[in-house]
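Here the structure is laid out as structure tokens; the discussion comes afterwards.
Counting starts at 1 for both ligands and their atoms, following the listed order. In this text the structure is predicted, and so the values were computed from the model without any measurement. Because only heavy atoms are used, hydrogens play no part in the values below, and waters and symmetry mates are left out as well, while side chains stay in.
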Amino acid sequence: MNKLALRGSLFYVRDDPFLNPPEDCAVYEPDGIIVIEGGKISGVGGAAEILPALPDDVEVRRHARSILMPGFVDAHIHYPQVEIIGSYGTQLLEWLNKYTFPTEAKFNDEAHAKRIAEFFVAELFRNGTTSASVFCTSAPGSVRAIFEAAQARNMLILAGKMMMDSHAPPAILDTAQSSYDDSKTLIERWRRRGRCLYTVTPRFALTSSPRQLELAGALMHEFADVRLQSHISENLAEIARAKELYPQREHYTDIYEYYGLLDERAIYGHGVHLSEEELRRFHETGANIAHCPTSNFFIGSGLFDIAKTKAERRPVTVGLGTDVGGGTSFSMLQTMNEAYKMAQLRKISLTAIQSFYLATLGSAQALGIADRVGTLAVGHDADIIALDPRATPLLELRSEVAESFEELLFALMICADDRAVEATYVAGEAVYLRASA
Ligand code: GUN
Ligand code: ZN
């Protein structure tokens with residue numbers, strides 16, 4: 001088996017800097033090596049320590065300009081919404097009706113699903129995203145298309161069929177029973193194939209009948225190794241509607257908890273308006289949140305409170321999601337930029353280490369895959385990116401005056417985007433190389 005080693009500066013986060021001293025959470029190595037064997041990391045550390053022990057047959061590939069780090073993990077993204085990114089002028093419920101539902105109906109044609117799935121996976125890699133939790137549509141063919149595209153590149157992907165049986169156009173509705181049957185068939189086919197992980201995906205309480213949520217809960221009960229993804233408390237009109245539809249439930253979170261959909265395997269997008277009591281339910285059950293700042297700004301949903309959500313008294317695990325096509329960029333760097341600005345509006349200044357944590361290890365923890373990806377450690381999958389902090393003339397000028405590595409990282413997450421991704425490795429294979437790399 002061919003062995004490969006990557007050499008460059010190394011940076012990774014290995015623990016949650018919201019809850020631990022930041023100096024214990026981040027590792028920076030100015031001249032480092034990552035040794036890769038059989039798609040996994042078999043060595044990581046300083047070049048001075050690793051190089052002398054490296055066998056002669058190992059190819060050492062230099063990324064001299066770049067910072068080597070774990071690939072980004074996008075905790076919440078919709079692949080069928082790629083074509084409607086940047087659609088004008090609406091807030092959540094109108095945006096769904098006007099743009100989202102019509103574009104999702106196009107995925108009833110599997111040829112269309114395949115074309116967009118191929119584009120989507122390539123676009124993730126171009127942006128340095130190596131894993132993602134992906135919403136499909138209610139059409140089972142849309143799930144096949146994305147799993148096949150990901151599997152062809154050996155990508156660790158989480159995805160699932162959208163379950164939605166009410167309050168949307170007939171072309172994209174299933175029924176409670178068909179959503180259960182189709183999900184079960186897909187789970188049995190995909191859950192142990194390559195690096196595919198199945199995620200039970202009820203869209204949200206507004207488009208699921210009580211029976212459908214009950215059956216989503218039954219799937220979670222039947223299959224210990226599946227995850228769950230959905231949406232919660234993104235927009236005030238949505239919350240009011242959820243209360244109308246489920247008047248017996250105490251609050252929005254209680255709807256999902258009642259149907260067995262709130263545990264450590266679950267990740268909910270947004271959570272912008274969750275109450276203290278709801279956040280406590282998240283903490284106590286181990287359920288997770290995907291923070292999607294570019295979407296919350298673009299759809300005008302509100303300001304997610306990261307400090308409150310991660311408060312030490314009852315921290316909730318948070319990952320970072322782009323939420324394309326409500327979100328406006330595939331770039332997790334641009335998503336960190338917007339997360340920083342959103343926190344600033346609440347008088348909190350996220351550090352670079354906190355931000356890179358959210359985009360890598362935090363998302364991996366929130367998705368239950370932190371034993372495999374999200375940091376650089378021996379035995380982990382070799383999902384690695386090379387980020388060039390001097391990728392553009394502006395970044396080059398800015399990096400000249402950076403007085404510390406952390407300052408450089410911060411400027412990178414504010415000013416950089418896909419142009420900074422020099423290379424993306426998935427399970428040790430280069431799946432993207434920038435033209436000038
Ligand atoms: N809530 C329910 N469905 C969606 C969706 O597709 N995008 C966003 N941003 N919120 C949702
Ligand atoms: Zn979403």
Side-chain angles (χ1 to χ4, degrees), residues 74-87 89-107 116 120 132-139 142 146 158-169 172-174 179 199-208 212-213 216 227-242 245 252-253 255-256 261 266-274 288-302 304 318-330 335 338 342 363 366-367:
D74 189 335
H76 184 115
I77 186 164
H78 299 253
Y79 99 83
Q81 296 176 12
V82 171
E83 289 176 298
I84 55 150
I85 193 168
S87 290
T90 53
Q91 302 230 336
L92 180 65
L93 300 180
E94 192 190 346
W95 176 83
L96 286 171
N97 282 312
K98 186 168 176 184
Y99 300 115
T100 312
F101 294 157
T103 208
E104 290 191 8
K106 290 162 72 177
F107 287 72
I116 301 296
F120 176 82
S133 193
V134 182
F135 288 73
C136 303
T137 71
S138 55
S142 74
I146 195 69
L158 304 92
K161 181 204 120 70
M162 198 77 99
M163 302 171 76
M164 48 188 301
D165 66 352
S166 351
H167 310 300
I172 54 167
L173 287 185
D174 51 23
S179 74
T199 300
V200 174
T201 308
R203 175 169 223 126
F204 64 161
L206 274 62
T207 49
S208 281
Q212 184 164 61
L213 293 184
R227 275 80 172 160
L228 180 128
Q229 63 185 350
S230 187
H231 296 87
I232 195 166
S233 275
E234 176 179 2
N235 161 288
L236 296 175
E238 169 211 2
I239 298 167
R241 184 81 181 120
L245 289 169
Y252 202 160
T253 302
I255 301 173
Y256 294 128
L261 305 175
I267 183 161
Y268 286 89
H270 307 293
V272 172
H273 306 284
L274 290 173
N288 307 279
I289 290 176
H291 172 30
C292 305
T294 75
S295 169
N296 297 158
F297 276 131
F298 182 71
I299 309 186
S301 301
F304 178 75
V318 175
L320 197 62
T322 60
D323 195 30
V324 165
T328 51
S329 172
F330 271 79
T335 308
E338 300 293 306
M342 189 169 284
S363 285
L367 296 171

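E338 contributes no side-chain N or O that, together with a main-chain N or O of T294, makes up a donor-acceptor pair within less than 3.5 Å. In this structure, S142 contributes its side chain and T137 its backbone to a donor-acceptor pair below 3.5 Å. Between the side chain of D174 and the main chain of S138, no donor-acceptor pair closer than 3.5 Å is present.
Between F120 and F330, a ring centre-to-centre spacing shorter than 6.0 Å is recorded. Between F107 and Y79, the distance separating the two ring centers is shorter than 6.0 angstrom. You'll find the ring centres of H76 and F135 inside the 6.0 Å limit.
Taking every heavy atom of H270 and a limit of under 4.0 angstrom, the matching atoms of ligand 1 come to 9 (N). Atoms of ligand 1 found under 4.0 Å from any heavy atom of L96, numbered from 1 in the order shown, are 3 (N), 4 (C), 5 (C), 6 (O). With ligand atoms numbered from 1 in the order given, ligand 1 contributes 5 (C), 6 (O) to contacts under 4.0 Å with heavy atoms of Q81. Less than 4.0 angstrom separates some heavy atom of D323 from each of these atoms of ligand 1: 8 (C), 9 (N). Heavy-atom proximity to F204, at under 4.0 Å, picks out these atoms of ligand 1: 1 (N), 2 (C).
Put simply, H231 gets within reach of the Zn ion (ligand 2), with an N, O or S atom under 2.8 Å from it. Among the atoms of E234, none of the N, O or S atoms falls under 2.8 Å from the Zn ion (ligand 2).
For atom 10 (N) of ligand 1, the nearest non-hydrogen atom from the set E234, R203, H78 belongs to E234.
The protein atom (non-hydrogen) at minimum distance from atom 1 (N) of ligand 1 is H231 CG, 3.4 Å.
The minimum distance between the Zn ion (ligand 2) and any N, O or S atom of D323 involves atom OD1.
Seen from the Zn ion (ligand 2), atom NE2 on H78 and atom NE2 on H76 lie at an angle near 110° (rounded to 10 degrees).
Contact annotation: for W95 versus ligand 1, heavy atoms closer than 4.0 Å belong to the side chain alone. Residue contacts with ligand 1 for L92 involve side-chain atoms from C-beta outward but no N, CA, C or O (heavy atoms, distance under 4.0 Å).
With rounding to the nearest 0.5 angstrom, the CD1 atom of I77 is 8.5 Å from the CG atom of D323.
Nearest approach of Q212 to S208, heavy atoms of both residues: OE1-OG, 2.8 Å.
For F135, the closest heavy-atom approach to ligand 1 does not fall below 4.0 Å.
Residues L96 and E238 form no side-chain contact, since every pair of their non-hydrogen atoms from C-beta on lies 4.5 Å or further apart.
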